[in-house]
Amino acid sequence: MGRAYDEIMEHVAVTEQMRQRILTRVADTDFAPSASVPRVPAARRYWAAAACAALLLAGAAVLPRYLDFQHTVPRPGQVETVPGFREVSSLAELEAAVGFEVEVLETLPFEVTDTVYTAFGSEMAEIRYCGETETAVLRKAVGMEDPSGDYTQYEEERTLSINGTSVVLKGENGRYVLALWQKGAYGCSLRLTEGVDPETWEQLLQPLS
């Protein structure tokens with residue numbers, strides 16, 4: 001409970017107008033003791049009321065944005081998706097749905113048990129290669145520098161030149177999970193659930209770049 005409260009309060013900015021409303025409400029409150037209620041020191045009553053009022057205002061201001069944040073912003077490491085997507089059954093159907101050619105992976109560092117093709121309108125194509133415990137997500141999008149949807153702040157970046165194409169790798173400790181590159185008017189990305197070294201990335205991306 002304490003940690004959740006602290007996390008919410010870190011994102012609360014009480015403006016001067018809010019502060020004035022809180023103080024006005026406190027000033028208008030009748031703190032006269034009831035005959036059946038033990039008397040509490042005035043200073044303690046004042047600060048308790050102010051704290052309650054601040055918490056209510058903070059909750060009203062933050063909760064809707066917090067709930068909206070949960071639905072719209074991916075957590076670190078997650079891949080964001082967009083509305084209007086449609087799963088198709090083959091590469092040919094995927095290319096017909098998006099209207100452009102989509103390259104495929106010829107090798108992966110794990111055994112593929114299922115392949116899922118998804119068209120995001122006519123703007124982006126996605127091929128998801130699924131293994132027993134690992135996944136690779138390949139995306140190609142019109143006019144987008146980074147179609148991955150991965151908002152993680154990685155510790156390391158490295159640039160490779162593969163077949164004349166500049167590829168940016170992102171990861172940590174010498175192992176990289178995300179690759180980004182441009183192919184003409186298209187932005188491309190490949191994201192792995194498990195990081196691999198640059199040499200493995202070169203092998204993966206040879207047919208794509």
Asker: Quick check: is V196 connected to V112 through a chain of hydrophobic side chains (ILVMFWY, heavy atoms under 4.5 Å apart)?
Answerer: yes
Asker: Checking R139 side chain against S148 main chain: does a donor-acceptor pair fall under 3.5 Å?
Answerer: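 Yes, because the side chain of R139 sits within donor-acceptor range (under 3.5 Å) of the backbone of S148.
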Asker: Less than 4.5 Å apart, side chain to side chain, heavy atoms only: is that true for V137 and Y129?
Answerer: no
Asker: Quick one: salt bridge (charged side-chain N to carboxylate O under 4.0 Å, His left out) pairs with a partner in residues 154-166, sequence neighbours left out?
Answerer: E157-K170
Asker: Regarding D150 and T152, is there a side-chain donor-to-acceptor distance under 3.5 Å anywhere?
Answerer: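 Present: a donor and an acceptor within the cut-off.
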Asker: Can you tell if the side chain of T159 reaches within under 4.5 Å of the side chain of L169, non-hydrogen atoms only?
Answerer: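 SC-SC contact between T159 and L169 ruled out.
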Asker: Identify every side-chain donor-acceptor pair in residues 97-109 under 3.5 Å, counting partners at least two apart or on other chains, and give the distances.
Answerer:
unit_1	atom_1	unit_2	atom_2	d
E103	OE1	K140	NZ	3.2
E103	OE2	K140	NZ	3.3
E103	OE2	K183	NZ	3.1

Asker: Once side-chain hydrogen bond (donor to acceptor under 3.5 Å, both in side chains) is applied, do any residues pair with S89, and if so which ones, sequence neighbours excluded?
Answerer: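 For S89 the side-chain hydrogen bond (donor to acceptor under 3.5 Å, both in side chains) partners, ignoring immediate neighbours, are E93.
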Asker: List the steps, then state whether side chain to side chain contact (heavy atoms under 4.5 Å, CB included) holds for L138 with E126.
Answerer: CA-CA 6 Å; L138 174 65; E126 176 186 283; over 6 Å; no
Asker: Excluding sequence neighbours, so at least two apart, what forms side chain to side chain contact (heavy atoms under 4.5 Å, CB included) with E145?
Answerer: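 In terms of side chain to side chain contact (heavy atoms under 4.5 Å, CB included), with neighbours along the sequence ignored, E145 is linked to Q182.
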Asker: Extract all donor-acceptor atom pairs below 3.5 Å that involve side chains of residues 114-124 and protein atoms in other chains or at least two apart in sequence.
Answerer:
none

Asker: So do the side chains of L208 and C188 get within less than 4.5 Å of each other, counting heavy atoms only?
Answerer: no
Asker: Tell me every residue that passes side-chain hydrogen bond (donor to acceptor under 3.5 Å, both in side chains) with T200, counting only those two or more places apart in sequence or in another chain.
Answerer: D197
Asker: Donor-acceptor check, side chain of T113 to backbone of C130, threshold 3.5 angstrom: yes or no?
Answerer: yes
Asker: Say you draw a straight line from CZ of R175 to CG of L192; how long is it, rounded to the nearest 0.5 Å?
Answerer: 10.5 Å
Asker: Specify the closest pair of heavy atoms between Y154 and L178, including all atoms of both residues, with the distance to one decimal.
Answerer: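 So the two residues come closest at CE1-CD2, 4.3 Å.
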Asker: Tell me whether E132 at atom CD has more than 12 heavy atoms from other residues, nucleotides or ligands lying less than 6.0 Å away.
Answerer: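 Counting neighbours around CD of E132, 12 or fewer heavy atoms of other residues, nucleotides or ligands fall under 6.0 Å, so no.
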Asker: Might you point out which heavy atoms bring L160 and E202 nearest each other, and give the distance in Å?
Answerer: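 Closest approach of L160 to E202: CD1-CG, 3.8 Å.
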Asker: Write down the atom of P147, the atom of A141, and the distance for their closest heavy-atom approach.
Answerer: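 Shortest heavy-atom separation between P147 and A141 comes out as CB-CB, 3.7 Å.
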Asker: Please tell me whether V168 and I162 are part of a single hydrophobic cluster in this structure, the criterion being side-chain heavy atoms less than 4.5 Å apart.
Answerer: no
Asker: How long is the gap from CD on E87 to CZ on R128, to the nearest 0.5 Å?
Answerer: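 Answer for the CD-CZ pair, E87 versus R128, is 9.0 Å.
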Asker: Can you tell if the side chain of F110 reaches within under 4.5 Å of the side chain of T133, non-hydrogen atoms only?
Answerer: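 Sidechains of T133 and F110: no contact.
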Asker: Kindly indicate whether the side chain of E194, heavy atoms from C-beta on, has any atom under 4.5 Å from the side chain of V177.
Answerer: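 No; the side chains remain at least 4.5 Å from each other.
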Asker: What distance do Y151 atom OH and D146 atom CG have between them, rounded to the nearest 0.5 Å?
Answerer: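 Here the interatomic distance stands at 7.5 Å.
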Asker: With a 4.5 Å heavy-atom cut-off, do Y176 and P198 have their side chains touching?
Answerer: yes
